[in-house]
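For reference, the structure discussed in these notes is given below.
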Amino acid sequence: MANCNENIGVAHDFVSNLQIEAIQTVMPMKQTDPRISRRVFIGENPGSGNFQRRFHMVFCYNKVSETDSGSMVAGWIKESLGKALVEKPLLAGRLRSIGENDTNYGEFEIVSNDSGVRLIEAEIQMNFDDFIHLKEKKNIEGQLVFWDDIHEPNTPYSPLFYVQVTNFKCGRYSVGISCSLFLEDPYSMTSFLNRWSKIHVNMISEADAPKIPTFFLPKLRKKGCSSPTLYSSSNTSNYHVNNTLIFKLPLKFLNLSDDINKNNLVEKCVEEVENKYGKNLSTKLCLFVRETSEDVNVETFTRGGINPFGSIKNGLISANYWDDLGLADNMRFHEENKAIHFSCWIINPGNEDLLLITPSLGDESGSQKNVIVTMRD
């Protein structure tokens, strides 16, 4: 069995051997008209940590045929993702400030301006089995996703959604997703990913589909020329995976406009997290509230204890994992090839613990909620 120092050496080799081969932009295949937008209210504390809060997902796949490869999948993704974005154009949009005076300071909006999603293709000279058995693989998995930090006043130029396809030495490959929490959370993102998967599988299954996609990187390279290293890594290279606990509210007893109930919900969830991890959370928390697919409110929540007159005292169901997303089985790029490995995590780089309230999976009415608590670094 490898000792700790050997694992550190393997991790270092993984980072140094990752090579990004290409970066493309994927836009919706049809112009979005009229444009749609979503308000993001950051309130009194629009610090840079809010802009970097995001989630990542990684799906790993077997090579199912001689012609199958990450490069082949990436080429088809260029087309299938463009089709899927027509149905959800905000993912290809940009964030811009509308807080030009004191009355709306801290207000932003995401506009579906079709600026596009970044698609990255990478290679790693490491076998998948070596990668998956690393004890610290959570820290290593950051290399399978891409993220470029968002900073004011340049938010209109920063993508909010990234897809990275990584080829392993053994022929297996991974598809990594990175998405701003302003756009989506892991639960709200699930319906789009399932829809995109169906579009992709149907597209490559068509009788008249070409054998090789138009944007197939090995075909586009000049013979005898090696591809340059565009970037050795992204802002996911060095990061800490924050502890996350998920709570489910099975009944419609939460009115988010009721401050007492919202206060009790937050206090109860925080209490459960503190008991589980044996660590006190901060007295001020960053609270993301998402109502169905509408506007996002980012608040600073100051803890004050459970109000005895509120209704939220019991009824929470806690879960440690993202298994109920169902993506490990459903997110496919070949009909017969489901993911052999799936992971999901939230990055919370701010100085406050993060609590995200979002509608449950498949609940369009927003009456059932998930509460996701992610501790600060």
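These numbers come from the heavy atoms of this one structure, side chains and all, not from hydrogens, waters or symmetry mates.
Atom CG of Asn167 sits about 4.5 Å away from atom OG of Ser71, to the nearest 0.5 Å. In this structure, CD in Glu184 is found 4.0 Å from NZ in Lys88, a value given to the nearest 0.5 Å. Taken to the nearest 0.5 Å, the CE atom of Met189 stands 9.5 Å off from the CG atom of Leu327. Rounded to the nearest 0.5 angstrom, Lys248 NZ and Lys369 NZ are separated by 13.5 Å. A distance of 11.5 Å separates CD1 of Ile110 from CZ of Arg96, quoted to the nearest 0.5 Å.
Under the 3.5 Å distance criterion, the side-chain polar atoms of Asn113 are matched with a main-chain donor or acceptor of Ser115. Here the side chain of Ser197 pairs a donor or acceptor atom with the backbone of Asn330 at under 3.5 angstrom. Looking at Asp68, its side chain does come within 3.5 Å of a backbone N or O of Val64 through a donor-acceptor pair. A donor-acceptor pair under 3.5 Å is formed between the side chain of Asn348 and the backbone N or O of Glu352. Under the 3.5 Å distance criterion, the side-chain polar atoms of Arg94 are matched with a main-chain donor or acceptor of Gly116. Between the side chain of Arg290 and the backbone N or O of Leu356 there is no donor-acceptor pair closer than 3.5 Å. Here the side chain of Asn275 pairs a donor or acceptor atom with the backbone of Glu271 at under 3.5 angstrom. The backbone N or O of Glu66 lies less than 3.5 Å from a partner atom in the side chain of Lys63, making a donor-acceptor pair. Without hydrogens or angle criteria, Gln52 side chain to Ile150 main chain gives a donor-acceptor distance under 3.5 Å.
Taking every heavy atom of both residues into account, Leu90 and Ser112 meet most closely at CD2-N, 3.8 Å.
Side-chain contact check for Ser180 and Arg53: no donor-acceptor pair (N or O, by modelled atom type) lies under 3.5 Å.
A salt bridge links Lys338 to Asp329: one of the charged nitrogens lies within less than 4.0 Å of a carboxylate oxygen. At a threshold of 4.0 Å, the pair Arg303-Glu274 counts as salt-bridged, since one of the basic side-chain nitrogens sits closer than that to a carboxylate oxygen.
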Enumerate donor-acceptor pairs with a distance under 3.5 Å from any side-chain N or O in residues 198-215 to protein atoms, sequence neighbours excluded.
| residue | atom | partner | partner atom | Å |
| --- | --- | --- | --- | --- |
| His200 | ND1 | Ser80 | OG | 2.7 |
| Asn202 | ND2 | Lys198 | O | 3.1 |
| Ser205 | OG | Val201 | O | 2.6 |

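Taking the six-membered ring where tryptophan is involved, the planes of Phe108 and Phe51 are perpendicular, since the angle between them exceeds 60° and thus also 30°. Ring orientation note: the planes of Phe288 and Phe182 are close to parallel, at an angle under 30° on the 30°/60° scale. Taking the six-membered ring for Trp and thresholds of 30 and 60 degrees, Phe146 and Tyr162 have ring planes inclined between 30 and 60 degrees apart. Ring-plane geometry between Tyr61 and Phe59 is classed as parallel, the angle between the planes falling under 30 degrees on a 0 to 90 degree scale with a further cut at 60.
Not counting sequence neighbours, Phe55 has no partner by the ring pair (Phe, Tyr, Trp, His ring centres under 6.0 Å) test. Applying the salt bridge (charged side-chain N to carboxylate O under 4.0 Å, His left out) rule to Glu335 yields no partners; only residues at least two apart in sequence or on another chain are considered.
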Given side chain to side chain donor-acceptor pair (under 3.5 Å), test Asp353 with Ser282 step by step and report yes or no.
CA-CA 6 Å; Asp353 298 300; Ser282 50; 2.9 Å; yes
For salt bridge (Lys or Arg N to Asp or Glu O under 4.0 Å), just list the numbers for Lys268 and Glu272, CA-CA rounded to whole Å, side-chain angles, deciding distance to a tenth of an Å, and then say yes or no.
CA-CA 6 Å; Lys268 182 63 177 175; Glu272 294 285 337; 3.6 Å; yes
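Proximity of the aromatic rings of Tyr173 and Phe333 is defined here by a centroid distance below 6.0 angstrom, and this criterion is not met.
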